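Step one of this worksheet: look at the structure below.
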Amino acid sequence: MMAKNLVQKILESHEAAGTRLSGHEIGIRIDHTLVHDNSGPTAYMLFEALGYERIKNALSICCIDHKTTQVGFENADDHRYLRGMSEKIGAVFSPAGNGICHQVYLERFAKPGITLLAADSHACTAGAIGALGVGVGGLDVAVAMGGGPYLLPVPKIININLVGELRPWVGAKDVILKILQMFSAHGNENAIFEFGGPGTATLTVPQRATIANMGAECGVISAIFPSDAQTLAFCQAQQRASDWQELLPDPKALYDDAVEIDLSRLEPLVAVPHRVDKVRKVRDLAGLPVDQVAIGTCTNAFHADLALVARMLKNRKLHPEVSLAIAPGSRQVLKTLAREGSLYDLVDFGARILEASCGFCIGACFSPPSEGVSVRTSNRNFLGRSGTKNAQVYLASPATAAASAITGRLTDPRQLDMEYPQEMIADQYPIDDSIFVRPDSDADAVVVVRGPNIKAPPLNEKLPPEMEAEVAIRVGDGITTNHILPGGRRNKYRANIPQYAHYVFESLDSNFHARAREIEARGLYSVIVGGEGYGEGSAREHAALCPMHLGVKAVIAKSFARMHRNNLVNFGIVPLIFEKTDDYSRIQKGDKLKFSGLRSSLSENGPIDVVNTSQNVSFRVKVSISPHQTAILLAGGAINLLKSGSRGLF
Ligand code: F3S
C-alpha cells in the first residue's frame with residue numbers, strides 16, 4: 001500500500017462520494033464549521049436563503065470576536081441575531097468576551113484528524129492540533145452547515161521539515177516569518193503546508209498555532225502539524241485527552257515538494273510595512289523609534305506567549321513614549337494570567353489590557369497615531385488595516401514586541417540585559433464551558449430578532465451570453481480584500497450589504513460607488529481590473545457581494561488569491577485572467593469592453609475575446625476554475641444554482 005502523508009490521510013477519510021471530478025478536484029465531508037460576527041450574519045442569512053432549517057454537520061460554532069467594542073446599536077443587533085439563529089439552527093454560540101474564534105476553537109473543540117470549514121481565512125490555525133482547517137466565504141460554510149461537501153483543488157502538499165530547536169529569544173513568529181520570506185504571499189494558493197521532522201516535536205501546540213495561523217499569509221489552502229505527544233499534552237491541559245488520537249504521516253510518505261528549516265539557525269525577524277512577506281532581521285532595523293506595541297489577537301495570544309511577555313516586563317516600566325496594548329486570545333488565557341499573577345505584572349508595567357477579541361488586528365481599536373510606528377504580534381500589516389492609513393506596522397514575536405515596549409525602540413530581545421525567562425506552559429488550564437450557549441432543543445420556540453441594520457443579502461442574475469461593460473476602476477498588484485472593502489469602523493455594516501456597498505474601494509477611490517451606480521444607470525455592467533494576487537488577505541465575501549450589488553460582473557486580473565476567486569464565483573462575478581499580462585497596461589478606467597461569446601466560451605473552458613472599443617484593441621482572457629464553478633457562474637452564483645434545483649455537487 002502506498003505510504004501516505006497526513007493531508008492525504010485526512011482527505012481520503014473525508015472524501016465525499018462522487019465528488020472526484022476530473023482528478024483535479026476533490027469534495028470532502030466537513031466535520032466542523034465556524035463563523036464569527038463578521039462573517040456569521042451573511043453565512044446564516046445565506047443558510048436561510050438556501051432553504052436549510054437545521055445544521056447537519058457534526059458541530060457548528062459561532063463566535064463573537066470581531067466587533068465587540070459595540071459603538072452604536074449595529075454590532076449588538078448582529079450579536080443578538082447570531083445568538084438567536086445559533087440556538088434555532090443548532091450551533092454552539094460563544095459570546096463576546098469569550099475569545100477569538102480560532103483560539104476558542106483550538107482550546108475547546110478542535111480534534112486531530114477532523115475537517116473544519118470556517119468563514120475566516122485563519123481557519124488553518126486548527127492545523128496546530130492536527131485538524132485540516134480551510135478558510136472560505138460564508139456561502140461555502142452555509143452549504144457545509146446544510147450537509148454539503150466542500151470542493152477544493154487536489155492540493156500540492158509541501159513538506160516543511162523542521163530540524164533543530166529554537167534558541168532562547170527566538171519564537172514561533174520568527175519561524176513563520178522565515179517561511180513567508182521563503183514562500184512569499186503569492187503563488188501558493190493550491191498548496192497545503194504539512195510540517196514534520198524532528199524539530200516539530202520541540203514545538204508546543206500554542207507555538208504550532210502561530211505558525212499554522214500565518215499559513216494564511218502565504219495564501220495556502222491550509223497548514224497542518226502531526227498529532228503527537230505535544231498534541232496529547234495540550235489536550236490533557238484542556239481536560240479533553242479523550243479527543244486526542246495520534247496522527248502521523250506514514251514513513252516514506254511522498255510530497256509534491258519539500259523544504260527544510262533548521263530552527264536553531266533562526267533569529268528574531270520582523271515583517272516591515274506593508275507586506276507580510278517583506279521580512280528583515282530585527283537587528284538590522286534595531287533602534288527604530290516605536291510609538292506603540294500591540295501583543296496578542298489570534299496569533300501569539302496563548303498563555304505561554306503572554307506569560308513570557310509578563311516575565312520580561314515584571315518589575316520594569318513602559319517606555320514613556322510608547323503605548324502598549326495586550327489582547328489575550330481568550331477568556332481562558334486571561335483567567336490563567338490572572339490566576340498566576342502575570343496579569344498584575346502586565347498592568348504594573350503599564351500595559352492596557354484589551355478585551356479577548358480581534359480589536360487592534362482590524363483597526364477596531366488601538367489605531368496608531370498618524371505615521372506612527374506600531375510593533376504588533378498579529379498576523380497582517382496591510383496598509384491601513386490598523387485603522388490609520390499612513391501608520392507603519394511591523395510584525396514581530398512577543399519577545400521582540402516586549403523588548404521594544406521596554407526600550408521605546410525596535411529591539412532584538414537578545415540585546416536586552418536580561419536572562420531568557422523560562423516560558424510557563426500551563427499543564428492545566430482553567431476550564432469553564434458554562435459561557436457557551438448550546439442550541440435549543442425546541443427550535444420552534446426560539447425567536448430570532450433582526451435589528452434594522454440586518455438586511456437579506458441581494459441575489460445576482462444569470463450570466464448573460466454577451467456583455468457590454470465599462471472599466472469602473474483599475475488597481476495595481478497586491479490588492480487585499482481590505483482595499484476592496486474596508487473593515488474597522490465600516491465592519492458594522494457586514495449584515496447590511498446595500499449600506500456596506502457604499503464603501504467599496506473607499507481607500508483607493510472614494511467615488512467608486514457613485515461611478516458604478518452611474519454605469520449601471522447607462523445599462524452597462526461594471527468591470528474591475530486588477531494586478532497580481534487580487535483579493536489576498538481575509539475571507540471576507542463582502543468583497544465580492546458588495547461589488548456584485550453595484551453591478552460588477554467581472555474582474556480581470558493578472559492573478560487571484562484563492563479565497564477571493566472562489567467568493568467571486570460564488571456570487572456570480574467572473575474572475576478572468578489576462579492571457580498576456582502586458583494587456584493589463586493597455587486598459588484604462590472608463591474603457592468600454594465588449595465580451596462576446598461569454599457563456600459559450602466559459603462552458604467550453606476556452607479563452608474569451610474582449611474588444612476594448614475605447615482603445616480600439618482586442619485581447620484575450622481566460623478562467624482558471626473547476627467545472628463545478630463554471631456551473632455556478634453560468635447560473636449567476638451558487639444560490640441561483642441551488643435554487644434552480646440543480647444542486648451540482650452541493
Ligand atoms: Fe480576528 Fe485578526 Fe485573527 S480579525 S480572527 S484576530 S486575523
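For ligands, and for the atoms within them, numbers begin at 1 and follow the listed sequence. Everything numeric in this text was worked out from a predicted model, so none of it was measured.
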Report yes or no: does His564 contribute a side-chain atom to a donor-acceptor pair with the main-chain N or O of Phe560 at less than 3.5 Å?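 No; zero donor-acceptor contacts below 3.5 Å.
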Short question: side chain of Thr481, backbone of Ser538 - any donor-acceptor pair under 3.5 Å?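 It does hold such a pair.
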Atom indices of ligand 1, in the order listed, that fall short of 4.0 Å to a heavy atom of Arg385: 2 (Fe), 4 (S), 7 (S)
With a cut-off of 4.0 Å, which atoms of ligand 1 are near a heavy atom of His66? 1 (Fe), 4 (S), 5 (S)
Side-chain donor/acceptor pairs under 3.5 Å, residues 58-67, sequence neighbours excluded:
residue: Ser60; atom: OG; partner: Thr33; partner atom: OG1; Å: 2.5
residue: Ser60; atom: OG; partner: Asn57; partner atom: OD1; Å: 3.1
residue: Ser60; atom: OG; partner: Asn57; partner atom: ND2; Å: 3.4
residue: Asp65; atom: OD2; partner: Cys101; partner atom: N; Å: 2.8
residue: Lys67; atom: NZ; partner: Asp37; partner atom: O; Å: 3.1
residue: Lys67; atom: NZ; partner: Asp78; partner atom: OD2; Å: 3.0
residue: Lys67; atom: NZ; partner: Asn491; partner atom: O; Å: 3.4

For atom 3 (Fe) of ligand 1, how many protein N, O or S atoms come closer than 2.8 Å? 1
May I ask you to decide if the ring planes of Phe109 and Tyr105 are parallel, tilted or perpendicular, using 30° and 60° as cut-offs? parallel
Got a sec, which residues hit side-chain contact (heavy atoms from CB on, under 4.5 Å) with Ser397, two or more places apart in sequence or on another chain?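 Only Lys173, Asp174, Ala399, Thr400 meet the side-chain contact (heavy atoms from CB on, under 4.5 Å) criterion with Ser397.
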Side-chain polar contacts of residues 124-134 - donor-acceptor pairs under 3.5 angstrom, sequence neighbours left out - could you list them?
residue: Thr125; atom: OG1; partner: His122; partner atom: O; Å: 2.6
residue: Thr125; atom: OG1; partner: Asn213; partner atom: ND2; Å: 3.2

Which bit of Met214 gets closer than 4.0 Å to ligand 1, counting heavy atoms only: side chain, backbone, both or neither? neither
Less than 4.0 angstrom from a charged side-chain N to a carboxylate O is my criterion; do Lys389 and Glu371 meet it? no
